[in-house]
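First comes the structure, then the notes that go with it.
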Protein chains: 2
Amino acid sequence: MGIRRARAAETRGALMDAARRLFAERGYLNTKITDITAAAGRSTGSFYEHFADKDELLREMAREMEAQGDSVIDTENSAEHDLSDRQQLRDHVAGGWTVMRDHLGVVVAHLQSAIAAPPESRQMWRALVNQTTEFRDHLEYLRVRGHPLPGDPTVVAAAIGAMLSLFGYAALTAGEPVASDDEIVDTLTDLLLHGLAGPPIAHGSESGNKSGDEPEE
Amino acid sequence: MGIRRARAAETRGALMDAARRLFAERGYLNTKITDITAAAGRSTGSFYEHFADKDELLREMAREMEAQGDSVIDTENSAEHDLSDRQQLRDHVAGGWTVMRDHLGVVVAHLQSAIAAPPESRQMWRALVNQTTEFRDHLEYLRVRGHPLPGDPTVVAAAIGAMLSLFGYAALTAGEPVASDDEIVDTLTDLLLHGLAGPPIAHGSESGNKSGDEPEE
DNA sequence: GTCTATATACCGATAGAC
DNA sequence: GTCTATCGGTATATAGAC
């Protein structure tokens, strides 16, 4: 491999690394292309040798993320998942949470990009549905087996995706941690599994929750 | 009342009406001040006689909305609400849904504005917490009475707020209705009340009704 | 491929006539 | 208060030297 190509790949990588960091800090919309090149120690013009625009850069970052084996919600295709089983549901929630943590820049950028689009483009609904196809399949699997669902699987999946996306965005950019990762995953899992009514009373397990953390205003 | 003042109020109203429509269609971020003035049939400079900038216009729209008696989530201060009661929970969900429908422009603008801000500003988390203070209070009321919650009331309320905000945004801008309003409200209510596990086999409230509803096999 | 310099476009905001 | 005209700042994208 020639030196030129190595240098090129290096620049490309430097740009993407810088973008990841800046997107997580300042966000996608507020990060200018000159910010990225400056942070990467390259010139403005160099950017366009590798990407057509900021949007293509984001798509490349998403491609790379998924190539690493992570996806936005979950990747398991087994489809034989029982989301009414706490452990399996928790695995899904935890998986999504981890992805958001580890790829905060990409996730932030995606959400900002989708919501900055004109509402009439319907982009947000499409994004939500696309993000949750696996989840919807699992719900349909449940329904086929006679399990009662709160509503149409697509709608339920989208609602859950909306919760995870926006809550994740808010909590992971909140500065001080809202709670520990485990607490959050447990909370979201229990909320999604049994709702506010709580689990059927077998032995009235106390809601052993106590996070002395009070996020103010 | 002088003609000048009437004309001024008229302009102000025309600008706000145009903004409401444009925000709902094109969104807050994509609507330029000149778009608003053009749609209102006024000149660019006229805008600044009534509002310092687009942000102040939005705040005024929000003020007007709340002055009409609606708020983003709910306005009942009774605080003696039992969110584990389906009817009361449904009323809250339906209330929030109706507000989003009737003030789509303001709601769209608020969400876009909050999520377009730099993540480091922590604005989204603050917005979520502020939007759901009432809800959180109701949850704390539940907890005090010994009802088990999925987690910290602030976190649970924020998660629910995130779901309603983003799902509402997506569904109400999806073009063709995702489902009827009643279906959506019912679905969200049931999801939030009993989760994916579903209600204990014979739908009782939280009473000692024997549960044991777990999908077989 | 990378750089510097710049064209282009756009939008927010203001000045000043009426 | 409303208008027309314009300034000033800023970001994208390109041109052309190296």
Side-chain angles (χ1 to χ4, degrees), chain A residues 1-23 25-61 105 108-109 112-113 115-118 121, chain B residues 1-23 25-61 108-109 112-113 116-121:
Chain A
M1 176 174 299
I3 288 181
R4 288 173 67 96
R5 284 188 52 189
R7 171 69 175 165
E10 196 179 312
T11 294
R12 192 188 147 96
L15 289 172
M16 293 186 79
D17 285 345
R20 265 183 280 269
R21 194 177 70 251
L22 291 177
F23 288 173
E25 292 169 4
R26 313 180 190 175
Y28 176 74
L29 300 173
N30 306 287
T31 299
K32 310 310 169 192
I33 289 178
T34 52
D35 295 335
I36 299 173
T37 54
R42 308 299 155 115
S43 71
T44 307
S46 188
F47 179 91
Y48 295 93
E49 191 64 32
H50 299 276
F51 311 100
D53 50 28
K54 204 167 64 169
D55 199 66
E56 186 183 298
L57 166 63
L58 175 56
R59 282 194 299 271
E60 288 299 310
M61 286 170 63
V108 161
Q112 280 195 333
S113 173
I115 215 155
S121 72
Chain B
M1 175 174 302
I3 288 183
R4 288 173 66 97
R5 281 191 51 190
R7 172 71 176 162
E10 197 178 313
T11 294
R12 190 187 148 97
L15 289 173
M16 292 186 81
D17 285 344
R20 264 183 281 267
R21 195 177 71 252
L22 291 177
F23 287 174
E25 292 169 3
R26 313 179 190 175
Y28 177 73
L29 301 173
N30 306 286
T31 300
K32 309 310 167 191
I33 289 179
T34 53
D35 295 334
I36 298 173
T37 53
R42 310 296 156 119
S43 70
T44 306
S46 189
F47 179 91
Y48 296 93
E49 192 63 31
H50 300 276
F51 310 100
D53 51 27
K54 205 167 62 169
D55 200 67
E56 186 182 299
L57 167 63
L58 176 55
R59 282 194 298 272
E60 287 299 309
M61 287 170 63
V108 161
Q112 280 196 333
S113 174
E120 56 185 355
S121 72

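Just so we're on the same page: letters track the sequence lines, and every chain starts at 1.
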N-O pairing of B:Asp55 and B:Arg59 below 4.0 Å: yes
Integer-rounded Å distance: D:dT2 P and B:Glu49 CD: 7 Å
When you check the gap from the basic side-chain N to the acidic O, do A:Arg20 and A:Asp17 get nearer than 4.0 Å? yes
Carboxylate-amine/guanidinium contact A:Glu60 A:Arg12, below 4.0 Å: yes
Between A:Thr34 and D:dA11, does any side-chain N or O lie under 4.0 Å from OP1 or OP2? no
Presence of B:Ser46 side-chain N/O under 4.0 Å of D:dG1 phosphate oxygens OP1/OP2: no
Phosphate contact (D:dT2 OP1 or OP2) by B:Thr11 side-chain N/O below 4.0 Å: yes
Between C:dG12 (P) and B:Ile36 (CD1): distance, integer Å: 9 Å
From the options B:His50, B:Glu49, B:Arg42, select the one residue that forms a side-chain hydrogen bond (donor to acceptor under 3.5 Å, both in side chains) with B:Thr11. B:Arg42
Separation of D:dA13 atom P from A:Phe47 atom CZ, nearest Å, is 8 Å
Expressed as a whole number of angstroms, how long is the span from A:Tyr48:OH to D:dG16:C1'? 17 Å
Between C:dA13 atom P and B:Glu56 atom CD, what is the distance in whole Å? 11 Å
Whole angstrom is fine here: how far is it from CG in B:Leu15 over to P in D:dG1? 12 Å
Interatomic distance, B:Asp53 CG vs C:dC11 P [rounded to whole Å]: 16 Å
From the candidates C:dA13, C:dC11, D:dT12, the one with an atom nearest any side-chain atom of B:Thr44 is C:dA13
Separation of A:His50 atom NE2 from C:dC3 atom C1', in whole Å? 12 Å
